[in-house]
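Following: one structure in structure tokens, then a few remarks.
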Amino acid sequence: MPNKIDCSILVSPARIRSGSKFEMIKNIYLPLICSILLHLKNISIKLNIMSTNSMKEIDKPIIGDIFKFIKLEQEMPKLMEKKELMHSSCPTLIIAGEKDIFFPANRLNKVAREIISNLIAFKTLDMGHFPSEEQSIEINNEIREFLNTHYEYRVK
């Protein structure tokens, strides 16, 4: 129901293009498996690559527990196709991380421009999949500015 969407903001979007599976296996899953097999208590430290070593303290135990206790999907989400978005013309902002191992900006940018008809802006930040405190503030400012321009309800 694209007529019900006034604008959209996608942060590290999953269904446009994914990162290298080899890099994910090498940098995320192998260290994770080793941590679990060796019964290391704080596996979240091994996962700092997802945030380029700026993971917020509050996120570390959460991410560690997610990988330790939750059964995650084995496959990445199905990639979006242009035909799925052909009836959508809402202004769209994408914010992506250059160092996001799952959905890197350099892989998202070209494809996003091909499949999203009204991509107003593609903002790239020097971040991983999880932003630092400072990057979260920057993301929120970008979102606020975009909504103030493209959404009927203005955000203060």
Side-chain angles (χ1 to χ4, degrees), residues 1-29 32 44 46-67 70-156:
M1 303 185 92
N3 58 327
K4 293 192 176 206
I5 301 173
D6 292 324
C7 63
S8 64
I9 300 165
L10 310 172
V11 179
S12 300
R15 291 193 57 211
I16 295 174
R17 183 64 61 218
S18 58
S20 162
K21 287 185 181 181
F22 174 77
E23 291 297 317
M24 287 182 224
I25 290 168
K26 179 180 86 171
N27 294 309
I28 303 286
Y29 300 115
L32 175 68
S44 62
K46 299 282 186 195
L47 304 176
N48 241 341
I49 190 166
M50 292 189 299
S51 66
T52 60
N53 295 313
S54 62
M55 186 175 284
K56 294 176 265 195
E57 286 304 313
I58 194 170
D59 290 340
K60 288 180 181 181
I62 295 168
I63 302 307
D65 286 348
I66 287 171
F67 279 97
I70 295 176
K71 183 178 185 270
L72 300 172
E73 293 291 327
Q74 296 298 314
E75 293 295 319
M76 287 297 220
K78 177 185 147 307
L79 296 179
M80 185 80 62
E81 296 179 21
K82 185 173 180 71
K83 67 182 179 182
E84 294 175 274
L85 298 172
M86 67 186 204
H87 297 295
S88 176
S89 61
C90 69
T92 300
L93 163 66
I94 293 179
I95 300 172
E98 289 177 0
K99 297 173 183 165
D100 186 336
I101 195 161
F102 298 114
F103 314 110
N106 65 337
R107 294 182 76 150
L108 291 172
N109 196 351
K110 181 177 186 270
V111 176
R113 293 185 187 285
E114 292 171 1
I115 67 171
I116 299 173
S117 63
N118 200 7
L119 181 60
I120 301 296
F122 189 103
K123 302 286 182 174
T124 302
L125 300 179
D126 184 26
M127 68 177 196
H129 190 64
F130 296 98
S132 67
E133 293 284 347
E134 296 80 22
Q135 292 160 337
S136 293
I137 292 168
E138 187 175 353
I139 289 168
N140 287 336
N141 289 336
E142 291 286 349
I143 290 170
R144 189 175 294 108
E145 183 180 322
F146 186 81
L147 290 174
N148 280 331
T149 304
H150 299 284
Y151 187 57
E152 192 173 303
Y153 172 79
R154 303 292 182 225
V155 181
K156 300 291 181 214

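Residue numbers start at 1 and run along the sequence shown. Values reported hereafter were calculated over all heavy atoms of this structure, with side chains retained and with hydrogens, waters and symmetry mates removed.
In this structure, Asn109 CG and Glu114 CD are separated by 10.0 Å, a value rounded to the nearest 0.5 Å. In this structure, CD1 on Ile9 lies 12.0 Å from NZ on Lys123, to the nearest 0.5 angstrom. One finds the CZ atom of Phe103 at 12.5 Å from the CD1 atom of Ile94 (value rounded to the nearest 0.5 Å). Of the inter-residue distances, the one linking Asn106 atom CG with Glu98 atom CD reads 8.5 Å to the nearest 0.5 angstrom. For the atom pair Leu93 CG and Ile116 CD1, the distance stands at 10.0 Å (nearest 0.5 Å). Between the NE2 atom in His150 and the SG atom in Cys90 there is a gap of 11.0 Å [rounded to 0.5 Å].
Across Ile95, Ile120, Asn141, a single residue satisfies side-chain contact (heavy atoms from CB on, under 4.5 Å) together with Phe146, and that is Ile120.
Pairing each heavy atom of Asp6 with each of Tyr151, the nearest pair is OD2-CE1, 3.3 Å. Looking at every heavy atom in both residues, Ser12 comes nearest to Met127 through OG-CE, 4.2 Å. Between Ser117 and Ser89, the closest heavy-atom pair is OG-CA, 4.1 Å.
Between the side chains of Gln135 and Ser132, at least one donor N or O lies within less than 3.5 Å of an accepting N or O. Side-chain atoms of Arg144 and Asn140 form no donor-acceptor pair, as typed in the model, at a separation below 3.5 Å. A donor-acceptor contact under 3.5 angstrom links the side chains of Thr92 and Ser8, judged on distance only.
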